[in-house]
2 protein chains.
Amino acid sequence: MDTRNAAVKLEALGNPTRLALYRALVKAGHGGLSVGECQQRLQIASSTLSFHLKALIHAGLVAQERQSRTLICRANYDVMNALVGFLVDECCVEEQC
Amino acid sequence: MDTRNAAVKLEALGNPTRLALYRALVKAGHGGLSVGECQQRLQIASSTLSFHLKALIHAGLVAQERQSRTLICRANYDVMNALVGFLVDECCVEEQC
DNA sequence: AAGTTATTTTCACAAAACTAGAAATATGGA
DNA sequence: TCCATATTTCTAGTTTTGTGAAAATAACTT
C-alpha cells in the first residue's frame with residue numbers, strides 16, 4: 001500500500017454517505033447486504049447509492065457478488081486492516097515516540 | 001467520535017498532498033516540523049500548504065505551536081488512534097466475523 | 001416474447017475542492 | 001522605526017464531486 005493507494009481509500013471513506021454505507025456493511029458482517037437493503041437503510045436515490053458504491057468498490061474497500069438478480073455487497077476487512085496498518089506505520093521514524 | 005466527525009478526518013486524509021503532509025508529521029514524531037520544513041519536503045506553494053494544513057488542523061489531526069516566528073506542526077496521535085478505533089469498531093455486529 | 005425486479009449509466013447542474021500568485025499579517029532583529 | 005523571515009488570507013481560475021430523474025441494462029418468471 002503506497003500513499004496514492006491509501007489516499008484513494010481514505011477519500012472513499014471521507015464522505016458521510018459513503019462512510020455510513022461502509023459502516024452498514026461492516027456491521028452486516030460476512031453475510032453482507034444487497035444493494036436494495038443498503039438503499040433502504042440509507043434512504044437515498046438508487047443512482048446516488050450506485051455512485052458511492054462504485055467509489056468504495058474502486059477503492060477496494062467493498063466487494064460485490066451477484067446472486068441471481070441481487071448484488072450482495074460486503075466490506076473487505078483485509079483492505080481496511082491494511083489501511084489502518086498504513087496509517088500507524090512509520091510512526092516517529094525520525095524520533096522515538 | 002461519530003460518523004460525521006470521522007468523515008471529516010478521513011476526508012482530510014483522503015487527499016494525496018494532505019496525506020503526504022500528515023505522514024511527514026507522523027514520521028517526524030514528537031519534535032514535529034515547522035511549516036517551512038513541511039514546504040521543503042512537499043515542494044508546493046506556501047499558500048497551498050497553508051490551505052491543506054488548515055484542513056488537517058480543523059479535523060483535529062494536527063496541532064500547531066508557535067515558537068517565535070516559526071510554527072511547529074505535530075501529528076495528534078490520540079486523534080488518529082481514535083479514528084482507527086472507530087473504523088474497526090462495530091465490526092460484524094449483526095453476524096459474527 | 002413480454003413483463004417484473006434489481007441495479008447501473010447517462011445527463012445536467014449546483015456546490016465544493018484545489019491551486020498558486022499577490023497582498024497582508026505576525027514576529028523578531030538592527 | 002525599518003527590514004527580514006515565516007506564514008496566512010485574498011482572489012480568481014480550473015477541476016472535481018455529489019445529487020437525483022430518466023433511461024438503459026441484467027437476470028429471472030410466465
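The structure displayed is predicted, hence computed values, not measured ones. Here is the naming used below: chain letters follow the sequence lines, and residue numbers restart at 1 for every chain. Values below: all heavy atoms of this structure, side chains included; hydrogens, waters and symmetry mates excluded.
- Residue A/Ser68 has its side chain nearest to D/dC28 when only C/dT19, D/dT7, D/dC28 are considered.
- Closest to the side chain of A/Leu71, from the set D/dG18, C/dT7, C/dA17, is C/dT7.
- With rounding to whole Å, B/Leu19 atom CG is found 16 Å from C/dC18 atom C1'.
- Residue B/Asn15 has no polar side-chain atom (N or O) positioned under 4.0 Å from OP1 or OP2 of C/dA17.
- Computed from coordinates, the B/Phe51 CZ to C/dG21 C1' distance equals 16 Å when rounded to whole Å.
- Between A/Gln39 atom CD and C/dT5 atom P the separation is 15 Å, expressed in whole Å.
- A distance-only check finds a donor-acceptor pair linking the side chain of A/Gln39 to the backbone of A/Ile44 [under 3.5 Å].
- The interatomic distance linking B/Glu37 (CD) with D/dT7 (C1') rounds to 14 Å, in whole Å.
- Checked against C/dT9, C/dT7, C/dT19, the side chain of A/Lys54 finds its nearest nucleotide in C/dT9.
- Residue B/Ile44 contributes atom CD1, which lies 12 Å from atom P of C/dG21 at whole-angstrom precision.
- For B/Ser47 against C/dG21, a side-chain N or O and a base N or O form a donor-acceptor pair under 3.5 Å.
- Taking atom NE2 of residue B/His58 and atom P of nucleotide C/dC18, one finds them 14 Å apart after rounding to whole Å.
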Point to revise | Intermediate values then yes/no, side-chain contact (heavy atoms from CB on, under 4.5 Å), A/Ser46 and A/Val35 | key: CA-CA 9 Å; A/Ser46 59; A/Val35 176; over 6 Å; no
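- When heavy atoms are screened at a 4.0 angstrom cut-off, B/Thr48 is found touching base atoms of the nucleic acid.
- Shown here for A/Leu19 and A/Leu13, the closest heavy-atom pair between the two residues is CB-O, 3.4 Å.
- Phosphate contact (OP1/OP2 of D/dT19, side-chain N/O of A/His52, threshold under 4.0 Å): present.
- The one candidate from A/Leu25, A/Leu56, A/Leu33 that meets the side-chain contact (heavy atoms from CB on, under 4.5 Å) condition with A/Cys73 is A/Leu25.
- Rounded to an integer number of Å, the gap from CG of B/Leu42 to P of D/dT7 is 13 Å.
- Summarising the geometry, the separation between CG on A/Leu33 and P on C/dA6 is reported as 15 Å, rounded to the nearest angstrom.
- Distance from the side chain of B/Arg18 is smallest for C/dC18 among the nucleotides D/dT17, D/dG20, C/dC18.
- Side chain A/Arg69 to base C/dT7: no donor-acceptor pair is found below 3.5 Å.
- Residue B/Glu11 has its side chain nearest to C/dA17 when only C/dA17, C/dT8, D/dT19 are considered.
- At the heavy-atom level, B/Thr70 lies under 4.0 Å from the strands shown only through sugar-phosphate atoms.
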Review point. Do A/Phe86 and A/Leu10 pass the side-chain contact (heavy atoms from CB on, under 4.5 Å) test, and can you show the C-alpha distance, the side-chain angles, and the key distance before you say yes or no?
Key: CA-CA 11 Å; A/Phe86 177 85; A/Leu10 289 163; 5.8 Å; no
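- Positionally, the nearest nucleotide of DNA chain D for B/Ser50 lies more toward the 5' end than for the other of B/Ser50 and A/Ala45.
- Counting distance only, with no hydrogens placed and no angle test, the side-chain atoms of A/Arg66 and the base atoms of D/dA27 include no donor-acceptor pair under 3.5 Å.
- The shortest non-hydrogen separation linking B/Val62 to B/Tyr22 is CG2-CD1, 4.0 Å.
- Among the protein residues, A/Gln67 comes within range of no part of the nucleic acid, since none of its heavy atoms lies under 4.0 Å from any strand.
- Within the 4.0 angstrom heavy-atom criterion, only backbone atoms of the sugar-phosphate kind lie near B/Gln64; the bases stay farther away.
- When the nucleotides D/dT19, D/dT8, C/dT19 are ranked by their closest atom to the side chain of B/Leu53, D/dT8 comes out on top.
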